[in-house]
Asks: 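My structure is below; once you've seen it, I'll send some questions.
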Amino acid sequence: MELFQILDEGGQLVGEPPAIDDATLVEMLRLMLLGRRIDQKAISLQRRGKLGTYAPLSGQEAASVGSVFALDRESDWVVPQYREQLAMLHHGLPLSTYLLQRMGHPQGSELPKDGTLYPQQVALGAHLPQAVGLAWGLRLQGRPGVVLAYFGDGASSEGDFHEACNLAGVRKAPVIFCCQNNGWAISVPWHLQSGSPSVAARGAGYGMPGVRVDGNDVLAMYASTSEARRRGLGGDGPTLIEAVTTRLGAHTTADDPTRYVPADQVEQEKARDPITRFRTWMTATGRWDDDAHAQADRWCDEQIERAVAEFDSTPRPDPVTLFDNVYADEPVRLLRQRAAFVADRESR
Amino acid sequence: MELFQILDEGGQLVGEPPAIDDATLVEMLRLMLLGRRIDQKAISLQRRGKLGTYAPLSGQEAASVGSVFALDRESDWVVPQYREQLAMLHHGLPLSTYLLQRMGHPQGSELPKDGTLYPQQVALGAHLPQAVGLAWGLRLQGRPGVVLAYFGDGASSEGDFHEACNLAGVRKAPVIFCCQNNGWAISVPWHLQSGSPSVAARGAGYGMPGVRVDGNDVLAMYASTSEARRRGLGGDGPTLIEAVTTRLGAHTTADDPTRYVPADQVEQEKARDPITRFRTWMTATGRWDDDAHAQADRWCDEQIERAVAEFDSTPRPDPVTLFDNVYADEPVRLLRQRAAFVADRESR
Amino acid sequence: MAVLSMVEAIRSTLEAEMARDERVIVLGEDVGKSGGVFRATDKLQERFGSERVVDTPVSEAAIIGASIGLATAGLVPVPELQFLGFAHQAWHQIGFQLARFRYRTNARFTTPVTIRAPYGGGVRAPELHSDAFESMLVHSPGLKVVAPGSAADAKGLLATAIRDPDPVFYLEPLKGYRLVRDEVPDGEYLVEFGKVRVARAGDDVTVVAWSGMVGIAEEAAAAAEAEGISVEVLDLRTLMPLDVDGLAESVARTGRAVVVQEAPLTAGFAAEVVATIAEEAFVHLEAPISRVSGYDTPIPMPQLEDYYIPDAHRVLAAIRAAVNF
Amino acid sequence: MAVLSMVEAIRSTLEAEMARDERVIVLGEDVGKSGGVFRATDKLQERFGSERVVDTPVSEAAIIGASIGLATAGLVPVPELQFLGFAHQAWHQIGFQLARFRYRTNARFTTPVTIRAPYGGGVRAPELHSDAFESMLVHSPGLKVVAPGSAADAKGLLATAIRDPDPVFYLEPLKGYRLVRDEVPDGEYLVEFGKVRVARAGDDVTVVAWSGMVGIAEEAAAAAEAEGISVEVLDLRTLMPLDVDGLAESVARTGRAVVVQEAPLTAGFAAEVVATIAEEAFVHLEAPISRVSGYDTPIPMPQLEDYYIPDAHRVLAAIRAAVNF
Ligand SMILES: Cc1ncc(C[n+]2csc(CCOP(=O)(O)OP(=O)(O)O)c2C)c(N)n1
Ligand SMILES: Cc1ncc(C[n+]2csc(CCOP(=O)(O)OP(=O)(O)O)c2C)c(N)n1
Ligand SMILES: [Mg+2]
Ligand SMILES: [Mg+2]
């Protein structure tokens, strides 16, 4: 399948850029830069024992930012897997909450109240049928909005992926399946995950368009997501977008990619850096310069400092809260367990 | 997708017939006729309370017979769902065993010893990953053989279908996925099962050929299965065959299709009768005549009479056998349960 | 009051709940046009249309997963699984997704989904159609598990389930669909979760049962009565929440308990009932608590299933053993 | 004898079994090139090649389903599920397919598949990586369930599992992978299924544990000793087959029992252990059998997991309560 590109590796236009105003383009680049910075910070926090396992996003900034910016945050929903820091932030999640989540603090599970954001999903692909139900439910109620569901190439081998795509197709649910194909399921390269060269090729089997997009081209991601959104809103149902992207770092901080990633591939992928490409074009078209970059750097500093400060000052959770939120209407036995728990803690 | 046909509805050749010797062609038509007769007999046994729920095969004779005849019974395997009476018989299952299965007799679970036949599968699609493992295992051991796995359009919506196809594609397992698309999952028509017009369209997403075949054309089924088999044996991996066929009767004897099948559809489907079509061609080409037909009728009578006699004379199962075959190496607790069971029965 | 079969009580309750609350939608395999393979959703699509009574593809995981999504969109889904045996295909969506959605989101989302599924043997169904297993459902924090043993409870518990903010797994005894018939209150009728029903009062021994086993327990109790043994039959009604106090109170009085389940013995829900009684009523126990249960095998082929499913004879033997201990 | 960690005992046993029997193959997510996320399959692909140590797509149902097929083709598959929490995705293939293949085919096929999966908390892993649940595995007729608590047993039970004709679910305590270290016999070493290990002998109370909880039980027992209470710690080793006699014999002697599990309380496997003891040793019981368990919630976020998982303090309290009853 053809790869849809607007900006090529060198930052040259090879297609029609989508209509995005300059301020928004700047915001997009800033968010991409923030992503890279969050990775650095989180990895260093993890090394100092302040965060649990962290999944870096570096290399996938364009795929996330280009797609999520095509949404209307009021009415469109984001249903992430676990590497969608940027889409989640853009959709209202405070960075400090994200960090708390990664440190294993229950407060990290907070979601924006009345927001249009789903929780992180650990089980690969399990959120996809949920995204379909959500989109279908919006449609049933005549509410506007589409659902943008992210998942990886790895998740595309799960049965849930198939059942979700198929149900979406038959119910014409306004959902956008955005597969972040970074070529790896932890240590397993795509060619050991599937006999198909492309995830997008699966669209046809569900009666939906499947498009293969350069995921490191933020403009192509924006354009194809916008198009998918139009289809969804117009009642034409789901779209499958395969964002062909790169995982520049490890799978997570618990992973050692030198065990399995060929050294030359690392070099090749660096050349596809989505930030460099976008910045080159932004600079060449007069939308960005060293000043803007310095300003963006300061903005990133602020975001991160503020988030880390909040994170640092969040008290450890009260142990008894482990009983919270399991049921809306708590069974007697659980209430008693809670009481016994309190008594046990006090007995120490 | 195009529909592959060799014999059209009127029994006229529209493609190159596969090389099958005359005796075999006669055998194929006889088996198809037997299928129709088995349905009649089984439905009448069911009505008289002698069988449990029965799933008639009428309308799908060509899809089963055409495909299974393309196999080598010594080395190739059949992995059925639950409507593959004919493929199972051809692959060595005695008809009486089949009937015992349908009456709920444990002896109905016997399979030909050292045969190449899998058990019936009740859970839709659950056998497909198993078929892949089997095919992959043959290949790993350098054993010849392909695996022909049958399933319905309904089963094609299960996650197992997807995981199986994908794994087969990547491991290049010599498996033939034969989807009997009769257009119904019980009462749910294909257009409510999927947004895709075709199951075969899914092949591409797994890196395997997907072919849409007229499932009521026994020659087309034979030819496409043979081709898939050649690919499998040649190391080229799996093939997805969609046999577009018809369910002429009810889903099972527990079902009332008049609640949901449009009356005109019943008429249309009768016109696609796979037996009529094949017989017309066989007669026109001098391979069949009234004599042959009468002979075949007698052969069917014999088969059915013998099977029903064996079935009738099979004693009811010994209750204690319910403990058999669960473990090769039976846990103590189960042995004690068996003893308690015997004591309980004796106490009555 | 009208005498209804269980399946009719379920059907009419679904209809009433859909009429009451337009957010309620029904989805599943064959629930629409054909009205369900047991007619539990008969005529609902005619009345409420094919957008509220939806025939789905054969995709159990997607049926439950989509129900979660529908719930977060503000609807109240009542998915049907055609048989409990096919809940396994959706198990990840049930045990770790639906049950935990509220927990995972710090209560940003609740998912008021009621999954309905028939289960249990006795109707000569093919393999995987008759298996009884409840313990894995109960062992899923966040989920409630309901298993009515009478038509009246089928109504009252289903209405409560649909209105409950938490996800509920609602088990229907396949054999009881038409066989169990009793007086069902007219109009609005809700049965509170977590309270046993005393199906029969008695003093000598407590027999605990639920769903399809309640009738068997009652039959055994009647036979015991004839031998001068007074049996209390408790219908658990809801397995989660479990009426710990109701169990303890009865056994404290009788001093003896027999727990009946259709599932295989080992690690079945009866083990939990025994463990709970053993913890809560230890000082009152005058005999070992015993289990009458399916065996540690799959439910066998139809011709043998009557030998597998606990019957009154086995329950009576356990009652006698408890009393004569 | 060498002192090995549990994960090294597992790794070296896999290697030895693969060397012994060329039908043995390993498959799963990341088991090959990277050697498994916990290195339990480290260097196996280097030694045995990528056809016998296979990196699969992320498809748990297909991993187990294909293992059934591979077994029927004559191989001896040892699939790995990366975490037990993802066994749910394969549950239909485990509980109703693998476990029942022999039964379904009247023993035409046996499926000697050993599924390995790490489980349990204590390592600050993300959601769904730490859940402990055993009861649904045990409640699957046809399956055996093994849960070693020591490195020596990890070896002996894994070798037995791989050679067992029946399918086995082999549970590995995530926290114990590196923490549990003990003397492991060299060379061929098999541990019979269905026999408890007396991890510590004692007279006053029996504490029953398995997998990651054995160490906790031993810790509590040592503390109890200091208070003059003599505790017997039984390591169940295999949950199915369950050593009914081993349990009964110990409790008949001590008269008291505490069962420790990491899983949520209700309908966990501890309930089965309690029910079994209550049935088999009733006349010997001098105190209620108690359970020390996780709570009826999911295992919480990492920062709270230490409060959830039973610790020696809670087990000791239960021991005291049993003795002082
Ligand atoms: C159902 C399930 N199976 C296995 C895992 C373990 N696991 C975590 S990440 C991962 C690989 C995911 O790859 P991909 O979907 O491509 O996402 P990426 O990490 O590349 O973003 C695996 C196998 C899981 N989280 N969920
Ligand atoms: C996993 C699973 N879900 C549901 C069922 C119940 N069921 C039995 S047959 C059937 C429809 C099957 O349709 P299809 O696969 O097209 O096969 P056909 O009956 O048309 O031959 C359903 C839903 C089942 N047997 N297995
Ligand atoms: Mg990936
Ligand atoms: Mg069909």
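All figures in this text were calculated on a predicted structure; none of them were measured in a lab. Within every chain, numbering begins at 1; the chains are lettered A, B, ... in the order of the sequence lines, protein sequences first and strands thereafter.
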Asks: Grab the two heavy atoms, one from D:M301 and one from A:H105, that are nearest each other, plus how far apart they are.
Replies: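 That closest heavy-atom pairing would be CE-O, 3.1 Å.
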Asks: Side chain, backbone, both or neither: which part of D:F86 has a non-hydrogen atom closer than 4.5 Å to chain A?
Replies: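 Answer is side chain: those atoms of D:F86 sit under 4.5 Å from chain A.
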Asks: Taking atom CD as the centre, does D:E51 end up with more than 12 heavy-atom neighbours from other residues, nucleotides or ligands that are less than 6.0 angstrom away?
Replies: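 No, the 6.0 Å shell around CD holds no more than 12 heavy atoms from other groups.
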Asks: Mind checking whether D:Q303 and A:T321 have side chains closer than 4.5 Å, heavy atoms only?
Replies: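 They are not in side-chain contact.
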Asks: When only pairs under 4.5 Å are counted, which of A:S109, A:S187, A:P331 shares the most heavy-atom pairs with chain D?
Replies: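 Ranked by contacts with chain D, first place is A:S187.
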Asks: Please determine, among D:I299, D:T297, D:D306, D:V37, the option with the most heavy-atom pairs under 4.5 Å with chain A.
Replies: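 If we count pairs closer than 4.5 Å to chain A, D:T297 comes out on top.
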Asks: Ignoring hydrogens and angles, write down the donor-acceptor pairs under 3.5 Å from the side chains of residues 46-55 of chain A, residues two or more places apart or on other chains.
Replies:
unit_1	atom_1	unit_2	atom_2	d
A:K50	NZ	A:D312	OD1	2.6
A:Y54	OH	A:D39	OD1	2.5
A:Y54	OH	A:Q85	NE2	3.1

Asks: Under a 4.5 Å heavy-atom cutoff, which of A:G159, A:A126, A:S347 has the most pairs with chain D?
Replies: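 Ranked by heavy-atom pairs under 4.5 Å with chain D, first place is A:S347.
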Asks: Looking only at heavy atoms, what is the nearest atom pair of A:A185 and D:D30, with distance?
Replies: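 Scanning both residues, the minimum pair turns out to be O-OD1, 3.3 Å.
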Asks: Pick from A:D256, A:D255, A:D160, A:L192: which one has the most heavy-atom pairs with chain D under 4.5 Å?
Replies: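 Of A:D256, A:D255, A:D160, A:L192, A:L192 has the most heavy-atom pairs under 4.5 Å with chain D.
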Asks: Among A:H251, A:E158, A:Q193, single out the residue with the greatest number of heavy-atom pairs under 4.5 Å to chain D.
Replies: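 Sorted descending by pairs with chain D, the first entry is A:E158.
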Asks: Any chance you could measure A:R333, atom CZ, to D:D296, atom CG, to the nearest 0.5 Å?
Replies: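 Separation between the atoms: 6.5 Å.
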Asks: Quick one: closest heavy-atom pair of D:S34 and A:Y260, and the distance?
Replies: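 In terms of heavy atoms, the two residues are closest at CB-CD2, 4.1 Å.
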Asks: Taking A:G108, A:P257, A:S157 one by one, which has the highest count of heavy-atom pairs under 4.5 Å against chain D?
Replies: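 Among A:G108, A:P257, A:S157, the one with the most close pairs to chain D is A:S157.
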Asks: Distance from A:D318 atom CG to D:L304 atom CG, nearest 0.5 Å?
Replies: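 Nearest 0.5 Å value for the CG-CG distance: 8.5 Å.
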Asks: Most heavy-atom pairs under 4.5 angstrom with chain D, which of A:L124, A:V326, A:L334, A:I186?
Replies: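 If we count pairs closer than 4.5 Å to chain D, A:I186 comes out on top.
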Asks: Let me check something: any side-chain donor-acceptor pairs from residues 129-136 of chain D under 3.5 Å, sequence neighbours excluded? List them with distances.
Replies:
unit_1	atom_1	unit_2	atom_2	d
D:H129	ND1	D:P126	O	3.3
D:H129	ND1	D:E127	O	2.9
D:D131	OD1	C:R100	NH1	2.9
D:D131	OD1	C:R100	NH2	2.9
D:D131	OD2	C:R100	NH1	3.3
D:E134	OE2	D:Y119	OH	2.8
D:E134	OE2	D:W210	NE1	3.1
D:S135	OG	D:A267	O	2.9

Asks: Minimum heavy-atom separation for A:R348 and D:R314, please, with both atom names.
Replies: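 Result for this residue pair: NH2-CG, 3.5 Å.
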Asks: Do any of residues 337-346 of chain A come closer than 4.5 Å to chain D, heavy atom to heavy atom, and if so which ones, in number order?
Replies: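 Within residues 337-346 of chain A, the residues under 4.5 Å from chain D are A:Q337, A:F341, A:D344, A:R345.
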Asks: What is the minimum heavy-atom distance between A:L322 and D:Y308, and which atoms define it?
Replies: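 Heavy atoms only, the tightest pair is CD1-CD1, 4.0 Å.
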Asks: Using a heavy-atom distance cut-off of less than 4.5 Å, which residues of residues 54-64 of chain D contact chain A?
Replies: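 At a heavy-atom separation under 4.5 Å, chain A is reached by D:D55, D:T56, D:P57, D:V58, D:S59, D:E60.
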